[in-house]
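Notes for the one structure printed next.
Numbered from 1 within each chain, the chains take letters A, B, ... in sequence-line order.
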Amino acid sequence: MPQLRFHNSLTRREEAFTPLDAGHVRLYVCGPTVYDLAHLGNARPVVVFDVLARLLRRLYPRVTYARNITDVDDKINARARETGQPISAITSRTTADFHRDMAALNCLPPDVEPTATGHIAEMIQLTEKLIARGHAYAAEGHVLFSVGSFADYGKLSGRNQDELLAGARVDVAPYKRDPGDFVLWKPSDADTPGWDSPWGRGRPGWHIECSAMSWRHLGETFDIHGGGHDLLFPHHENEVAQSRAAFGTPFMAHTWLHNGMLLVDGEKMSKSLGNFMTVQDVLARGSWAGEAFRLLLLRTHYRSALDFTLAALDECKAELDDFYAMLARPAPEAEAPAAMVDWVLEPLHDDLNTPLSLARLRDLRTLENVASVGGSPAAVHARTPSAWDPAPGEARAAILEAAQILGLPLHDAALWRQGGGDAEVEAAIAARLAARAAKNWAEADRIRDDLKAQGIILEDGAGGTTWRRA
RNA sequence: GGUCCGGUGGCCGAGUGGUCAGGCAAGGGUCUGCAAAACCCUCUACGGCGGUUCAAUUCCGCCCCGGACCUCCA
């Protein structure tokens, strides 16, 4: 069992990872609030933690990955008012859109995907526990968490109360005992979704849902909690406060992982700034775009900021073209050498170093090309643990196996390259082959140029002529 | 203002106290009827100034620049 290491936001250090329960790793990631299409920034944590879940599943006998759907929220209520649509229509449609978009990025569904509205009872229970333990109080129909009652408040985000107050940019509600106190439960009027509670008809605050759902599905404490870095404060800080105060536990999640922001022109992509591009926008660029965007996300380390550009997306497509060119070549069936697979995946054990892992995947591609086409493996051997000289098909098999953990499909080379069959192209190729057989180079080149003008590129190989779309 | 995270070659992007990242782009070559693909070669970078050290891109300090967060945010 390789030793996993993660940069833990809680300690701000890289640490060796040991599951609380050796046989069962529990992972929670903050999911979407379903009021609008997912933008590129929203997709980053989903892809990053999809790789993490795949890696954990490879290493541990049992993994429970929970990612919530926030389907009660004032942004949803606002959207319903603006559009006149029922809330349930907005949340169910947006949830379906989210599932479709993330599937297009080849993200596997989490093991459990709890909804906030499905856990109102747990939220009320938690809130009652917090009141009973003196960590929360009811005031004017609201229930508020008392940050002053929880000594470790601010530990996760590395702030103290004075610092938080200094920068407060929101008017403090008069019923708060302390300006830092946050809402666990708030009253709903007749036009707003609400549930009966000991404090009257109302709805939950933002943070309590994650405490309730992680508790219900993973327990009072669990291994890893992930999410975007912008959630560190206040969302995750408040989650920790709620869960630890309610259960009297020394921690909520042992390890906190935060992905860096996706930027546009050096600024965070966000709905409020309006500088966002949706996952749908990217997918609309072609059948290649989902996999290329996934590669784009993975070629930057998850904790770094990532400046998105369409040029970078095209670069990722070009790189995948090279992988698919290799896959399109006929190769003998072969067993994937375990050492090669391990070598590619090894960097993931060190805080999910996907860029290094991808570099090694490219090295295996070179080895496969050398084995099946010819050339020298010397440059690659300078990096590999030993002077691998695989038979044709072996490195290819290792690539396909390792790519599964990265979630790069690398599946159907013909589909990637050609976007499905095309009888006209096949006929043109046959005509050109006849011309070539007759050494009528002018006609052969004319046909090829013709196809090129249509975006079709021909490749003459030992096994015949293949083609792809540019 | 406070807290935190970064600044690596034309671009993207790993990593390291001392002869190698890698990719893209560019240039040259091998192969090919010509191409494409593939392979080979070239392009010797680490924000600035000090300090520690035999040796610093890597450790320490200061400065400059960029970004995130400071109760909508992935």
Side-chain angles (χ1 to χ4, degrees), chain A residues 9 12 29-33 38-46 48-49 73-75 78 154 157-160 162-170 172 179-183 205-207 226-235 237-238 258-263 266-273 296 299-301 303-307 309 311-312 314-316 318-319 321-322 325-326 328-329 347 353-363 365-366 368-370 372-380 382-383 436 439 441-442 444-445 448-449 452 457-461 465-468:
Chain A
S9 302
R12 279 170 275 280
V29 175
C30 289
T33 299
H39 66 57
L40 268 26
N42 300 129
R44 169 118 97 143
V46 180
V48 162
F49 294 114
D73 180 275
D74 286 350
K75 285 196 291 293
S157 56
R159 295 150 207 265
N160 62 48
D162 295 340
E163 288 163 7
L164 294 176
L165 290 185
R169 59 181 180 185
V170 168
V172 177
D181 291 353
F182 56 91
V183 170
W206 174 30
H207 316 294
H229 191 256
D230 52 354
L231 295 182
L232 186 59
F233 187 88
H235 185 52
E237 189 69 58
N238 292 355
H258 289 97
N259 62 274
M261 295 296 99
L262 187 136
L263 312 179
E267 262 197 328
K268 178 178 160 183
M269 178 178 286
S270 72
K271 286 183 179 154
S272 48
L273 285 174
L296 183 147
R299 68 181 198 158
T300 300
H301 184 88
R303 285 197 295 116
S304 303
L306 188 170
D307 208 346
T309 62
D314 289 339
E315 191 178 315
C316 289
E319 191 169 342
D321 282 340
D322 292 342
M326 178 274 290
R329 273 195 311 265
N353 191 341
T354 53
L356 186 56
S357 189
L358 288 167
R360 291 182 175 187
L361 204 64
R362 291 182 202 109
D363 274 340
R365 187 187 64 205
T366 298
E368 178 64 33
N369 288 336
V370 165
S372 57
V373 180
S376 165
V380 175
R383 273 166 243 127
R436 291 181 71 211
K439 296 204 189 299
W441 308 126
D445 289 351
R448 185 175 60 198
D449 293 345
K452 189 175 181 185
I457 294 168
L458 300 189
E459 296 174 358
D460 296 332
T465 298
T466 58
W467 63 280
R468 65 186 163 98

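Side chain of A/N259 to main chain of A/G228: a donor-acceptor pair is present (N/O by atom type, distance under 3.5 Å, no hydrogens or angles).
Separation of the C1' atoms belonging to B/U53 and B/C59 is 10 Å when rounded to the nearest angstrom. Taking the C1' atom of each, B/U57 and B/U16 are spaced 9 Å apart, rounded to whole Å. The gap from the C1' atom of B/U8 to that of B/C20 amounts to 16 Å, rounded to the nearest Å. Taking atom P on both nucleotides, B/U52 is separated from B/C64 by 23 Å, rounded to a whole Å. The gap from the C1' atom of B/A14 to that of B/A37 amounts to 27 Å, rounded to the nearest Å. B/G10 and B/C62 have their C1' atoms separated by 32 Å, given to the nearest Å. Distance noted for atom P between B/G17 and B/C60: 12 Å (whole Å). Spacing between B/G7 and B/G13 at atom P, rounded to whole Å, works out to 10 Å.
Partners of A/H207 under the side-chain hydrogen bond (donor to acceptor under 3.5 Å, both in side chains) rule, at least two apart in sequence or in another chain, are A/H235, A/N238. Residues meeting the side chain to side chain contact (heavy atoms under 4.5 Å, CB included) test with A/K452, sequence neighbours left out: none. Applying the salt bridge (charged side-chain N to carboxylate O under 4.0 Å, His left out) criterion to A/R448, with sequence neighbours excluded, gives A/D445. For A/E319, the side chain to side chain contact (heavy atoms under 4.5 Å, CB included) partners are A/L295, A/F323, A/R362, A/R365, not counting sequence neighbours. For A/D307, there are no salt bridge (charged side-chain N to carboxylate O under 4.0 Å, His left out) partners two or more places apart in sequence or in a different chain. Among residues two or more places apart in sequence or in another chain, the side-chain hydrogen bond (donor to acceptor under 3.5 Å, both in side chains) test is passed with A/E368 by none. Checked against side chain to side chain contact (heavy atoms under 4.5 Å, CB included), A/T465 has the following partners two or more places apart in sequence or in another chain: A/I429, A/R432, A/L433, A/R436, A/L458, A/D460. Listed by chain and residue number, A/E459 satisfy the salt bridge (charged side-chain N to carboxylate O under 4.0 Å, His left out) test with A/R468 (two or more places apart in sequence, or in another chain). Scanning for salt bridge (charged side-chain N to carboxylate O under 4.0 Å, His left out) contacts around A/K271 gives an empty result, with sequence neighbours left out.
Judged by closest nucleotide on RNA chain B, A/A305 is the one of A/R360 and A/A305 placed further toward the 5' end. Along RNA chain B, the nucleotide nearest to A/H207 and the one nearest to A/R12 differ in position, and the one closer to the 5' end is contacted by A/R12.
For the pair A/R44 CZ and B/G67 C1', the interatomic distance rounds to 12 Å; values are reported in whole Å. Between A/H235 atom NE2 and B/U71 atom P there is a gap of 16 Å when expressed in whole angstrom units. The separation between A/K439 atom NZ and B/U32 atom P is 13 Å, rounded to whole Å. Following rounding to the nearest Å, A/H39 (NE2) and B/C72 (C1') show an atom-to-atom distance of 11 Å. Put simply, CG on A/N259 is 21 Å from P on B/C4, counting in whole angstrom units. A/D74 has its CG atom 17 Å from the P atom of B/U71, to the nearest Å. Distance, A/H301 NE2 to B/G22 P: 21 Å, rounded to whole Å. Following rounding to the nearest Å, A/L263 (CG) and B/G13 (P) show an atom-to-atom distance of 10 Å.
Using a 4.0 Å heavy-atom cutoff across all strands shown, A/G266 reaches sugar-phosphate atoms only and no base atom. Note on A/S272: a base of the nucleic acid sits closer than 4.0 angstrom, heavy atoms only. At a threshold of 4.0 angstrom between heavy atoms, the contacts of A/K268 include nucleobase atoms, whether or not backbone atoms are also involved. Within the nucleic acid shown, A/N353 comes within 4.0 Å of sugar-phosphate atoms alone, with no base atom in reach, counting heavy atoms only. Across all strands, A/L262 comes closer than 4.0 Å to base atoms (heavy-atom distances).
A heavy-atom distance below 4.5 Å is found between the side chains of A/L306 and A/L296.
Phosphate proximity of B/G6 to A/S304: absent, as no side-chain N or O sits under 4.0 Å from OP1 or OP2. Within the structure, every side-chain polar atom (N or O) of A/N42 is placed at least 4.0 Å from both OP1 and OP2 of B/C73.
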Intra- and inter-strand pairing of RNA chain B, written as dot-bracket with Watson-Crick and G-U pairs under 3.5 Å and | for the latter, reads (((((((..(((.....[...))).(((((.......)))))....(((((..]....))))))))))))....
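When distances run from any side-chain atom of A/A379 to the nucleotides B/G22, B/C69, B/C40, the shortest one goes to B/C40. Comparing atom distances between the A/E319 side chain and each of B/G23, B/A74, B/C40 picks out B/G23 as nearest. Side chain of A/R362, nearest nucleotide from B/G13, B/A74, B/G22: B/G22.
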5' to 3', nucleotides 33-39 of chain B under a 4.0 Å protein heavy-atom cut-off (B base, S sugar-phosphate only, - none) gives BBBBSSS
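Atom-to-atom distance recorded for A/L262:CG and A/S304:OG is 12.0 Å, nearest 0.5 angstrom. Atom CZ of residue A/R44 and atom CE of residue A/M261 lie 7.5 Å apart, to the nearest 0.5 angstrom.
For A/E267 against B/G67, no side-chain N or O and base N or O form a donor-acceptor pair under 3.5 Å.
Between A/T300 and A/A305, the closest heavy-atom pair is CG2-O, 4.0 Å.
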Scan nucleotides 58-60 of chain B against the protein and return all N/O pairs shorter than 3.5 Å with their distances rounded to 0.1 Å.
none

